[in-house]
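This structure is a prediction, so every number in the text was calculated from the model and none was measured. Worth knowing before you read on, the calculation uses all heavy atoms, side chains too, and leaves out hydrogens, waters and symmetry mates. Throughout, residue positions are numbered sequentially from 1 according to the sequence presented.
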Amino acid sequence: MSENIVRLDKDPHTYGSEQGPTVLTVVPAPGVQAAPVVPLWVRSGRAIKSAITHEHTKTAARAIARHGLYVAGGTRIVARRTWDGRTASRYERMLRAAEAAGNYEVAAEWEERGQRFRAERHRRRMDLLASPVDAAKTALIGTGMSIGALIGLGIALALATKDPADVITPLAAVVGLVSLLVTIVMVVWGPLLTIGPFLALLSLWAVGHHQKAAPAWALPAHVRDSEGEPITPSIVVKALHDLGVPALRNAIKEMGDAGAAMLGPIRIAGCGVEVDVTLPSGVSTVEVQQRRRKLAENLTRHEHEVFITIPQAARTVRLWVADSGALDEPIGPSPLVTDDTLTADYAKGRAPWGQDLRGDAAALSLFQRHLLITGLSNQGKTAALRALALWLALDRSVRFLMGDLKGAGDWAMFDGLADTLIQGPTDEHVIQVVEMTEGAVEEMNRRLQAPPGTVFPPLIVLVDEAQVAFMCPLKDEDKRPYGGAKANSRYFMAVRKIHNQGRAVNVLMWQGTQDPTDQNLPKLVREGAHTRASLALGTESQARMALGDKAVDGGAAPNQLRPGLDKGTVVVASDGIAIPAGQASITVRTHYIDTAEADVIAERARALRDGVTTLHAIERDQERDPLADIATVMGDASRVLTADILKRLASLNADAYGDWTPGDLKRVLEADGVEPYKSHGRMVVGRDDVTRALANRDTDGSASHAA
């Protein structure tokens with residue numbers, strides 16, 4: 001292997017190469033490619049660039065610019081104060097601001113103050129004209145009196161000392177003192193003239209430094225990065241002025257009150273403050289909404305700590321600015337966890353879901369409202385949806401049909417609460433969920449054909465990870481797809497039918513889905529939900545799919561939430577939650593209920609019920625044994641109402657038992673020797689009677705009364 005050769009040479013760049021310094025030169029051995037030589041000017045340029053872009057250089061440049069701008073800013077501030085003190089401009093500004101706000105009483109008061117200021121200024125100027133004569137008279141009289149007093153003092157001194165020369169001693173002492181003062185002034189005057197300008201500059205610098213009269217880029221890092229400053233009118237106006245909207249900036253400059261008339265009162269609103277800003281003519285609310293990040297940074301806040309909504313007033317934006325870091329603090333446990341006596345009321349109650357940005361409790365009405373909640377993966381969608389279902393489970397009249405197409409056990413606590421609970425991500429589980437939803441459609445149709453005035457218990461059809469169902473490519477034996485968004489899609493059509501007519505008979509569709517698109521969440525399904533909520537999303541187009549154009553145009557921005565940091569924070573568009581007047585949505589920080597806490601709440605819900613046998617699959621095309629199915633749906637309860645048995649049988653298999661009447665149930669029971677009886681005035685069936693009838697059957701176990 002060849003090696004490089006080290007050679008001693010004279011430096012060719014030194015004058016007189018014969019006497020130049022010796023340098024080491026590395027010469028590549030034969031057959032070895034020489035390394036490229038970087039020219040000296042290139043290396044020098046890189047060094048200069050590195051020096052210019054070095055952080056120390058930037059810091060020094062900012063410091064030089066900052067202190068120079070402090071002087072300029074201090075000069076401007078002092079000049080403005082001087083001008084305001086000697087003219088009526090301050091009164092004129094306040095007068096115009098009061099007139100712009102429509103407060104004419106205050107405007108009249110400021111006009112009166114301005115008139116008084118002008119009158120007093122005129123009087124001072126007239127006095128100033130006469131002051132030289134008065135000053136001269138006063139000086140002559142004062143000088144004469146002073147000399148007379150000194151001579152009188154000298155006479156008294158001469159009489160006391162018997163020396164006539166002492167008559168002028170006091171006068172000579174005063175003349176000597178004046179001479180000494182003149183000498184001192186002559187000595188000090190020169191240096192004073194020299195350092196005077198520097199003292200003036202220092203005072204101007206002090207004013208500019210105190211007021212931070214320099215651009216943000218020139219301020220020190222600890223000032224630029226400061227957070228948590230209280231929101232004041234001047235800070236809000238400056239933030240709007242620096243927003244980058246030329247029409248807004250020019251309008252603020254032309255306003256006599258420096259933009260204060262644009263602002264309403266700054267109100268404390270929960271963990272932040274709220275203020276309405278009336279924009280000047282020519283400035284659109286959209287221009288402000290689109291600069292949310294810049295506005296937040298101008299207010300020394302993070303983007304997620306500033307929300308911009310559009311109230312009812314024309315050309316007005318409502319700013320809500322959080323206290324720095326307040327939104328990163330937990331909001332506390334759910335009332336479902338802390339209050340074990342809490343119950344639910346489907347028709348009149350509201351689910352305790354979390355807190356709004358003001359810190360007030362946010363409660364959601366679920367009465368006859370289809371629900372859609374969406375967001376990116378792992379943002380708390382299932383937990384937010386499950387919290388609503390857990391509250392509603394505390395109303396014993398509510399029935400659930402549930403499909404969890406993730407199958408990770410997030411809904412396992414509803415075993416024994418839901419009539420049907422299908423859990424799993426496979427295509428077979430999708431088929432089961434589709435058939436479950438179609439069974440709910442049949443139940444809806446049965447209810448729609450019932451006599452007028454019939455009251456039906458709420459039936460919640462809940463599908464989590466619904467995008468899996470919409471994206472399923474399988475087809476049935478009739479070539480109808482289970483998923484998709486076409487008119488022959490079984491799941492799509494079942495959801496649409498429930499959206500169209502289910503609300504009238506308390507059959508409601510709840511869906512949770514990820515990352516909404518037209519493929520995994522069709523438009524007609526999105527728009528069929530009365531309550532639409534969204535966690536963090538990636539784009540504005542997804543936000544529009546999740547919440548609708550009206551909500552997004554009104555300021556809803558789930559795409560502005562921070563993935564991973566704003567878990568559980570949802571933007572809600574619904575008439576089932578209290579939304580401030582003029583807004584189309586509200587942001588809610590939901591309570592997080594973990595799996596262990598959810599199990600405890602579910603156990604309380606199960607204690608309110610007589611016992612529910614949860615089906616984990618939809619049985620199809622099988623010969624039924626009615627008595628065995630009756631025993632199955634009765635579960636472990638000692639006795640069950642005949643009406644409840646009919647409901648559970650219909651959930652077990654709508655094809656076999658969906659049309660059953662109390663007479664059909666009685667016929668089957670009596671054929672096997674089971675007699676329903678009354679308990680507290682209502683017909684019930686005893687568990688022991690059914691078990692005994694099954695045991696007394698023929699040993700072949702045949703179902704003689706198969707449906």
Trainee: I'd like to check Leu665 versus Ile645 (side-chain heavy atoms, cut-off strictly below 4.5 Å). Are they in contact?
Mentor: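 Yes, close enough: below the 4.5 Å cut-off.
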
Trainee: Going by the salt bridge (charged side-chain N to carboxylate O under 4.0 Å, His left out) test, which pairs reach into residues 386-398, not counting sequence neighbours?
Mentor: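 Every salt bridge (charged side-chain N to carboxylate O under 4.0 Å, His left out) pair that includes a residue of residues 386-398, provided the two are not neighbours, is Arg396-Asp610.
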
Trainee: Between Thr642 and Val684, is the side-chain contact (heavy atoms from CB on, under 4.5 Å) condition met? List the steps.
Mentor: CA-CA 5 Å; Thr642 55; Val684 299; 5.8 Å; no

Trainee: Could you list the residues that satisfy salt bridge (Lys or Arg N to Asp or Glu O under 4.0 Å) with Arg446, not counting sequence neighbours?
Mentor: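 Once residues adjacent in sequence are excluded, the partners of Arg446 under the salt bridge (Lys or Arg N to Asp or Glu O under 4.0 Å) criterion are Glu443.
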
Trainee: So do Val685 and Val640 actually touch side chain to side chain, heavy atoms under 4.5 Å?
Mentor: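 In short, these two side chains do not touch, never coming nearer than 4.5 Å.
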
Trainee: What distance do Met683 atom CE and Tyr677 atom OH have between them, rounded to the nearest 0.5 Å?
Mentor: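 Reported to 0.5 Å precision, the distance equals 10.0 Å.
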
Trainee: Please find the pair of heavy atoms, one from Val633 and one from Thr613, that lie closest to each other, and give the distance.
Mentor: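 The answer is O-OG1, 3.4 Å.
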
Trainee: Please check this pair: side chain of Ser585 against backbone of Val571, looking for a donor-acceptor N/O pair closer than 3.5 Å.
Mentor: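 Looks like no, no N/O pair under 3.5 Å.
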
Trainee: Would you say Leu627 and Leu694 make side-chain contact, with heavy atoms under 4.5 Å?
Mentor: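 With C-beta onward as the side chain, the pair touches.
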
Trainee: Determine which pairs satisfy salt bridge (charged side-chain N to carboxylate O under 4.0 Å, His left out) with at least one residue from residues 492-516, sequence neighbours left out, and list them in order.
Mentor: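 For residues 492-516: none.
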
Trainee: Report the C-alpha separation of Leu508 and Leu459 in whole Å, then their side-chain angles, then the decisive distance to 0.1 Å, and conclude whether the side-chain contact (heavy atoms from CB on, under 4.5 Å) test is met.
Mentor: CA-CA 6 Å; Leu508 303 176; Leu459 176 61; over 6 Å; no

Trainee: Hey, is the main chain of Phe456 close enough, under 3.5 Å, to the side chain of Arg447 for a donor-acceptor pair?
Mentor: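 Side chain of Arg447 to backbone of Phe456, a donor-acceptor pair under 3.5 Å: no, none is there.
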
Trainee: Do you know which two heavy atoms are closest between Met444 and Gln501, and how far apart they sit?
Mentor: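 Closest approach of Met444 to Gln501: SD-C, 3.7 Å.
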
Trainee: Could you label the plane-to-plane angle of the Trp660 and Tyr657 rings as parallel, tilted or perpendicular, counting under 30° as parallel and over 60° as perpendicular?
Mentor: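 Trp660 vs Tyr657 ring planes: perpendicular.
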
Trainee: Is a donor on one side and an acceptor on the other found under 3.5 Å between the side chain of His370 and the backbone of Met509?
Mentor: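 The answer is yes, because a donor-acceptor pair under 3.5 Å joins these two groups.
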
Trainee: Are any side-chain N or O atoms of Asn520 and backbone N or O atoms of Thr517, one a donor and one an acceptor, separated by less than 3.5 Å?
Mentor: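 Yes, Asn520 side chain to Thr517 backbone: donor-acceptor pair under 3.5 Å.
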
Trainee: If you compare all heavy atoms of Ala389 against all heavy atoms of Trp411, which two are closest, and at what distance to 0.1 Å?
Mentor: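 So the minimum-distance heavy-atom pair works out to CB-CZ3, 3.9 Å.
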
Trainee: Which residues pass the salt bridge (Lys or Arg N to Asp or Glu O under 4.0 Å) test with Lys666, sequence neighbours left out?
Mentor: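 Partners of Lys666 under the salt bridge (Lys or Arg N to Asp or Glu O under 4.0 Å) test: Glu670.
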
Trainee: Quick check: does any side chain N or O of Arg532 sit under 3.5 Å from a backbone N or O of Leu372, one acting as donor and the other as acceptor?
Mentor: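 Answer holds: no.
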
Trainee: Are any of the side-chain heavy atoms of Ile373 and Leu535 separated by less than 4.5 Å?
Mentor: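 Yes. Closest side-chain heavy atoms under 4.5 Å.
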
Trainee: Taking salt bridge (charged side-chain N to carboxylate O under 4.0 Å, His left out) as the criterion, tell me which of Arg544, Lys523, Arg526 meets it with Asp518.
Mentor: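 Single pass found, and it is Arg526.
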
Trainee: Do Asp464 and Thr382 have a side chain donor and acceptor closer than 3.5 Å?
Mentor: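 A pair is found: one side chain offers a donor N or O, the other an acceptor, under 3.5 Å apart.
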
Trainee: So, do Leu462 and Phe414 sit near enough that their side-chain heavy atoms are less than 4.5 Å apart?
Mentor: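 Not touching, per the 4.5 Å side-chain cut-off.
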
Trainee: Go through the structure and list residues passing ring-ring contact (aromatic ring centres under 6.0 Å, His included) with Trp320, not counting sequence neighbours.
Mentor: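 Once residues adjacent in sequence are excluded, Trp320 has no partner under the ring-ring contact (aromatic ring centres under 6.0 Å, His included) criterion.
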
Trainee: With a 4.5 Å limit on heavy-atom distance, are the side chains of Val430 and Gln432 in contact?
Mentor: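 The answer is no; the side chains never approach within 4.5 Å.
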
Trainee: Say you draw a straight line from CG of Leu385 to OG1 of Thr590; how long is it, rounded to the nearest 0.5 Å?
Mentor: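 These two atoms lie 11.0 Å from each other.
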
Trainee: Closest heavy-atom contact between Trp391 and Gly349?
Mentor: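 Shortest heavy-atom contact: CH2-C, 3.7 Å.
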
Trainee: His591 side chain to Gly332 main-chain N or O, any donor-acceptor pair under 3.5 Å?
Mentor: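 Present.
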
Trainee: Roughly how far apart are Thr569 OG1 and Gln355 CD, rounded to 0.5 Å?
Mentor: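 The CD atom of Gln355 is 11.0 Å from OG1 of Thr569, to the nearest 0.5 Å.
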
Trainee: Test: salt bridge (charged side-chain N to carboxylate O under 4.0 Å, His left out). Region: residues 594-605. Which pairs qualify, not counting sequence neighbours?
Mentor: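 Qualifying pairs, neighbours excluded: Glu603-Arg606.
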
Trainee: Just wondering, do Ile579 and Ser574 contact through their side chains at under 4.5 Å, heavy atoms?
Mentor: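 Heavy-atom side-chain distance check fails, nothing below 4.5 Å.
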
Trainee: Just by distance, do the side chain of Trp353 and the backbone of Ala384 share a donor-acceptor pair under 3.5 Å?
Mentor: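 Checked: pair present.
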
Trainee: Quick one: closest heavy-atom pair of Ile586 and Ala578, and the distance?
Mentor: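 The answer is CD1-O, 3.4 Å.
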
Trainee: Would you tell me whether Asp664 and Thr661 have side-chain atoms, one donor and one acceptor, within less than 3.5 Å of each other?
Mentor: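 The answer is yes; a qualifying pair exists.
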
Trainee: From Asp345 CG over to Leu366 CG, what is the distance, rounded to the nearest 0.5 angstrom?
Mentor: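 If I round to the nearest 0.5 Å, the distance is 11.0 Å.
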
Trainee: Is there a side-chain contact between Val570 and Thr587 in this structure, where contact means two heavy atoms from C-beta onward sitting under 4.5 Å apart?
Mentor: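 They are not in contact (no side-chain heavy atoms under 4.5 Å apart), so the answer is no.
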
Trainee: Can a donor-acceptor pair be found, under 3.5 Å and without considering hydrogens, that links the side chain of Ser489 to the backbone of Ala485?
Mentor: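 No, Ser489 side chain to Ala485 backbone: no donor-acceptor pair under 3.5 Å.
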
Trainee: Leu524 and His499: which non-hydrogen atoms are nearest, and at how many Å?
Mentor: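 Shortest heavy-atom contact: O-ND1, 4.5 Å.
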
Trainee: List for me each residue that meets side-chain contact (heavy atoms from CB on, under 4.5 Å) alongside Asp575, sequence neighbours excluded, and say none if there are none.
Mentor: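 Listed in chain order: Arg369.
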
Trainee: Would you please name every residue forming a ring-ring contact (aromatic ring centres under 6.0 Å, His included) with Tyr346, sequence neighbours left out?
Mentor: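 Partners of Tyr346 by the ring-ring contact (aromatic ring centres under 6.0 Å, His included) criterion, ordered by chain and then number, come out as Phe367.
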
Trainee: Please check if the side chain of Thr614 supplies one atom and the backbone of Gly416 the other of a donor-acceptor pair under 3.5 Å.
Mentor: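 Yes, Thr614 side chain to Gly416 backbone: donor-acceptor pair under 3.5 Å.
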
Trainee: Start with the C-alpha gap between Leu669 and Glu675, add the side-chain angles, then the distance that decides, and say whether side-chain contact (heavy atoms from CB on, under 4.5 Å) holds.
Mentor: CA-CA 7 Å; Leu669 292 172; Glu675 292 287 342; over 6 Å; no

Trainee: So Phe400 and Thr420, side-chain contact (heavy atoms from CB on, under 4.5 Å) or not? Walk me through it.
Mentor: CA-CA 7 Å; Phe400 293 96; Thr420 302; over 6 Å; no

Trainee: Which residues pass the side chain to side chain donor-acceptor pair (under 3.5 Å) test with Thr513, sequence neighbours left out?
Mentor: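 Result, side chain to side chain donor-acceptor pair (under 3.5 Å) vs Thr513: Gln467.
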
Trainee: Within 45° of the six-membered ring axis of Phe307 and under 6.0 Å from that ring's centre, is NZ or CZ of Arg318 located there?
Mentor: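 The answer is no; the distance or angle limit is not met.
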
Trainee: Give a yes or no answer on whether the side chain of Thr454 reaches the backbone of Ala450 with a donor-acceptor pair at less than 3.5 Å.
Mentor: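 No: the side chain of Thr454 does not pair with the backbone of Ala450.
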
Trainee: For residues 469-481, which residue pairs qualify under salt bridge (charged side-chain N to carboxylate O under 4.0 Å, His left out), counting only residues two or more places apart or in two chains?
Mentor: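 Sorted result for residues 469-481: Asp476-Arg490.
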
Trainee: To the nearest 0.5 angstrom, please state how far the CD1 atom of Ile577 sits from the CG atom of Leu364.
Mentor: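 Reported value, rounded in 0.5 Å steps: 5.5 Å.
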
Trainee: Which value, rounded to the nearest 0.5 Å, describes the distance between Arg648 atom CZ and Arg399 atom CZ?
Mentor: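 Result: 9.5 Å between the selected atoms.
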
Trainee: Listed by chain and number, what are the salt bridge (Lys or Arg N to Asp or Glu O under 4.0 Å) partners of Lys406, not counting sequence neighbours?
Mentor: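 By the salt bridge (Lys or Arg N to Asp or Glu O under 4.0 Å) rule, Lys406 matches Asp410, Glu465.
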
Trainee: My understanding is that only residues two or more places apart in sequence, or in another chain, count here; which of them pass salt bridge (Lys or Arg N to Asp or Glu O under 4.0 Å) with Asp566?
Mentor: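 Residues passing salt bridge (Lys or Arg N to Asp or Glu O under 4.0 Å) with Asp566: Arg562.
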
